[in-house]
Amino acid sequence: MMRAVQGALLVAFAAGCDPEFTYSGFQTHNYMGLDGDRNWAYVLDDNTLEWRLKVDKGPEETRDGSAVYPLDYGQENLGTQEYTLLYTIWWSSDSRDGIRIHEIMDERAGKSSIAFETPIVIADPQMIPGESVTTETDGLTIVSTLDSQGSCPNDWITGTPWDCLNFEVDDGAEGGSGLPLIGRWELATDYGPSRFQQTEYTSDWVLSTAYWDESGD
């Protein structure tokens, strides 16, 4: 894994700035909450589909000393509620290693699975806008860049827009590798993705509902 700094380091912390930000960067794991019992649902921003993307968190696993959680991403018909699993991504998010992806199983590709020899790093534990992290694993080169911090409105909380860290994840492949992690991810404190765009769609997936029970597992 290689890490590149693409922007000037911030050397001071001013009063009134985002409470998650210190001189050494945003604590990224706070923007991908995986604790407790959780699920999310997303609709395509251009309303061109008759289904929503339902995301359900599975039970905790331990891999290389990290707590890892499978998130099932499925297609749920808006009328009939008929459900079809599309793919599963195994995520971890903690203060030691940041945000990482350990495995992807894609049901759309004949149930193909990749358990990455080196987990793909979406975010180092602390980052500032302009920083990138590169992961080389299983013949892939994945570059994740903390592009910016900014508002990320969604359809669930319609008052004051949430504030997100915006990551661009690129595999450098012409036409894309087809991995569902490639694209833009707008991550909100505690709740994770408020919006995201995958390369196979021209519109954003926008959070429409979410459930979080801190006491659950």
Side-chain angles (χ1 to χ4, degrees), residues 1-14 17-35 38 40 55 57 60-71 88-104 114-152 162-173 176-177 179-199:
M1 184 183 71
M2 300 174 292
R3 191 163 183 255
V5 177
Q6 298 180 329
L9 282 174
L10 301 180
V11 295
F13 176 66
C17 291
D18 191 297
E20 297 293 342
F21 187 76
T22 70
Y23 73 93
S24 54
F26 292 99
Q27 299 177 41
T28 59
H29 72 283
N30 291 326
Y31 291 80
M32 187 64 190
L34 294 172
D35 58 314
R38 293 177 179 263
W40 305 257
V55 184
K57 177 193 162 195
E60 178 182 326
E61 303 174 14
T62 301
R63 301 192 186 187
D64 299 322
S66 296
V68 178
Y69 301 93
L71 299 188
T88 302
I89 302 178
W90 279 259
W91 295 83
S92 66
S93 178
D94 57 54
S95 60
R96 185 190 69 179
D97 295 315
I99 304 170
R100 301 189 296 171
I101 290 175
H102 299 254
E103 182 178 350
I104 296 175
I114 303 176
F116 299 108
E117 184 176 350
T118 299
I120 293 173
V121 180
I122 302 300
D124 274 337
Q126 291 183 297
M127 296 182 73
I128 62 172
E131 285 190 319
S132 296
V133 59
T134 300
T135 307
E136 296 181 351
T137 185
D138 297 271
L140 299 167
T141 300
I142 308 294
V143 180
S144 179
T145 302
L146 175 51
D147 181 66
S148 62
Q149 177 199 23
S151 63
C152 50
W162 285 355
D163 198 52
C164 284
L165 297 184
N166 303 318
F167 290 89
E168 295 283 349
V169 183
D170 182 39
D171 58 8
S177 64
L179 292 176
L181 62 92
I182 305 302
R184 187 182 74 255
W185 296 82
E186 302 182 19
L187 306 182
T189 306
D190 295 330
Y191 278 94
S194 175
R195 308 172 69 93
F196 61 98
Q197 184 177 22
Q198 298 166 307
T199 53

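Side-chain contact of Gln149 with Asp163: a donor-acceptor pair under 3.5 Å is present, judged by distance alone. Defined by atom type and a distance below 3.5 Å, a donor-acceptor pair is missing between the side-chain atoms of Arg63 and Ser92. Side-chain N/O atoms of Thr189 and Asn30 include no donor and acceptor closer than 3.5 Å.
Annotation: the span from Leu34 atom CG to His29 atom NE2 amounts to 11.0 Å, rounded to 0.5 Å. Separation of atoms CD (Glu168) and CD1 (Ile182) is listed at 11.0 Å; rounding is to 0.5 Å. Taking CG of Leu187 as the reference point, atom CD1 of Ile122 lies at 9.0 Å (rounded to 0.5 Å). For the atom pair OG of Ser93 and CD1 of Ile99, the computed distance is 4.5 Å after rounding to the nearest 0.5 Å. Atom CD1 of Ile120 is separated from atom CD1 of Ile114 by 7.5 Å, given to the nearest 0.5 angstrom. Atom-to-atom distance recorded for Tyr31:OH and Phe26:CZ is 5.5 Å, nearest 0.5 angstrom.
The environment of Asp138 atom CG is dense: over 12 non-hydrogen atoms of other residues, nucleotides or ligands sit within 6.0 angstrom.
When ring centroids are compared, Phe167 and Trp185 stay outside the 6.0 Å threshold. The ring of Tyr191 has its center closer than 6.0 angstrom to the ring center of Trp162.
The side-chain hydrogen bond (donor to acceptor under 3.5 Å, both in side chains) check on Arg184 picks up Glu186, Gln197, Asp204, with sequence neighbours excluded. For Asp94, there are no salt bridge (Lys or Arg N to Asp or Glu O under 4.0 Å) partners at least two apart in sequence or on another chain.
A donor-acceptor pair is defined here as one N or O able to donate and one able to accept, closer than 3.5 Å; such a pair exists between the side chain of Thr135 and the backbone of Val121. Thr88 places no side-chain N or O within donor-acceptor distance of the main-chain N or O of Pro70, the cut-off being under 3.5 Å.
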